[in-house]
Amino acid sequence: MENVSKKSKELLPHIIPIRISETKFTEFKSLLASSRCRSMSEMLRKILDNRKIIIETRDITLQDITEELGLVRKEIHAIGVNINQVTRSFHSEKYPEQRLLQVMDITRLYQQTDQKVTRLFTIISKLAEQWSPK
């Protein structure tokens with residue numbers, strides 16, 4: 001950690017103290033919070049050098065939809081794992097009655113998958129409505 005501060009002092013030896021208004025300071029703080037800059041100094045150097053400052057924005061309205069998409073993905077994955085397990089069991093089973101029960105299990109799992117995919121399409125439709133130009 002000490003080496004980093006020594007290097008930065010060597011690269012940037014001049015300190016320029018300035019005073020700014022409270023509104024400008026608040027503006028810089030909000031810009032810093034949404035940027036990828038790690039410090040106010042880094043951000044101000046980029047401004048002085050006319051370099052780009054990358055601003056990351058998040059749409060809070062999409063947070064719920066993103067979480068729901070993640071849940072649906074996990075549920076579909078879990079159903080797929082179950083289908084694979086039943087399929088392996090089906091192929092190793094010798095008795096036709098047991099195979100019939102496993103076929104019924106696979107049918108039930110595919111119905112669950114269909115429900116999840118329908119839910120997925122509903123979510124995607126909501127997203128399309130938000131993103132489509134009006």
Side-chain angles (χ1 to χ4, degrees):
M1 194 80 175
E2 190 173 291
N3 291 339
V4 173
S5 62
K6 284 182 183 178
K7 286 181 182 178
S8 65
K9 285 181 181 177
E10 290 172 12
L11 295 175
L12 305 170
H14 302 288
I15 298 173
I16 303 173
I18 63 166
R19 294 186 184 273
I20 58 174
S21 68
E22 187 65 36
T23 55
K24 192 52 97 171
F25 182 71
T26 305
E27 182 183 330
F28 283 149
K29 275 179 33 180
S30 66
L31 184 62
L32 177 64
S34 61
S35 75
R36 291 185 181 175
C37 296
R38 291 173 287 182
S39 67
M40 181 74 76
S41 298
E42 178 185 353
M43 184 186 71
L44 293 174
R45 281 193 297 273
K46 285 185 177 186
I47 291 171
L48 289 172
D49 290 339
N50 288 325
R51 291 187 288 164
K52 291 182 180 178
I53 298 175
I54 298 172
I55 304 295
E56 296 175 344
T57 58
R58 290 195 174 138
D59 189 352
I60 296 173
T61 59
L62 294 178
Q63 185 172 355
D64 293 337
I65 293 173
T66 306
E67 289 175 8
E68 192 172 357
L69 282 172
L71 287 173
V72 171
R73 187 190 70 75
K74 284 181 181 179
E75 291 169 357
I76 289 174
H77 177 74
I79 292 169
V81 168
N82 290 342
I83 289 171
N84 286 341
Q85 290 173 347
V86 173
T87 302
R88 283 190 186 140
S89 178
F90 174 83
H91 288 294
S92 65
E93 188 60 55
K94 296 177 184 176
Y95 301 107
E97 299 85 18
Q98 289 297 321
R99 281 186 162 201
L100 183 60
L101 289 174
Q102 291 167 344
V103 167
M104 291 170 57
D105 281 345
I106 289 176
T107 303
R108 179 184 51 81
L109 291 170
Y110 274 114
Q111 288 170 348
Q112 287 179 358
T113 304
D114 185 47
Q115 292 170 357
K116 301 300 175 188
V117 169
T118 302
R119 186 169 151 209
L120 191 61
F121 282 132
T122 304
I123 296 168
I124 291 171
S125 298
K126 288 179 190 175
L127 283 173
E129 288 174 12
Q130 286 183 352
W131 291 345
S132 64
K134 296 175 182 172

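Here, residue 1 is the first one in the sequence, and each next residue gets the next number.
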Please indicate whether [X] has more than 12 foreign heavy atoms, meaning atoms of other residues, nucleotides or ligands, lying under 6.0 Å from its [atom1].
X	atom1	answer
R73	CZ	no
M40	CE	yes
R51	CZ	yes

Specify the closest pair of heavy atoms between [X] and [Y], including all atoms of both residues, with the distance to one decimal.
X	Y	result
F28	M43	O-CE, 3.4 Å
I55	S35	CD1-CB, 3.9 Å
K116	I79	CG-CD1, 4.0 Å
Q102	F90	OE1-CA, 2.8 Å
C37	I53	SG-CG2, 4.3 Å

Inter-residue atom distance [X].[atom1] - [Y].[atom2], 0.5 Å rounding:
X	Y	atom1	atom2	answer
I65	I124	CD1	CD1	11.0 Å
D105	Q85	CG	CD	11.5 Å
I106	N84	CD1	CG	9.5 Å
L109	D114	CG	CG	12.5 Å
H77	E75	NE2	CD	12.5 Å
L31	I47	CG	CD1	5.5 Å

Any Lys/Arg nitrogen of E27 or K24 sitting under 4.0 Å from an Asp/Glu carboxylate oxygen of the other? yes
Would S21 and T23 count as having a side-chain donor-acceptor pair, cut-off 3.5 Å? yes
[X]-[Y] co-clustered via ILVMFWY side chain contacts under 4.5 Å:
X	Y	value
V117	L71	no
L44	F25	yes
I76	Y110	no
F121	L69	yes

Between [X] (side chain) and [Y] (backbone), is there a donor-acceptor pair under 3.5 Å?
X	Y	answer
R36	I54	no
E68	D64	no
Q98	E93	no
R119	V72	no

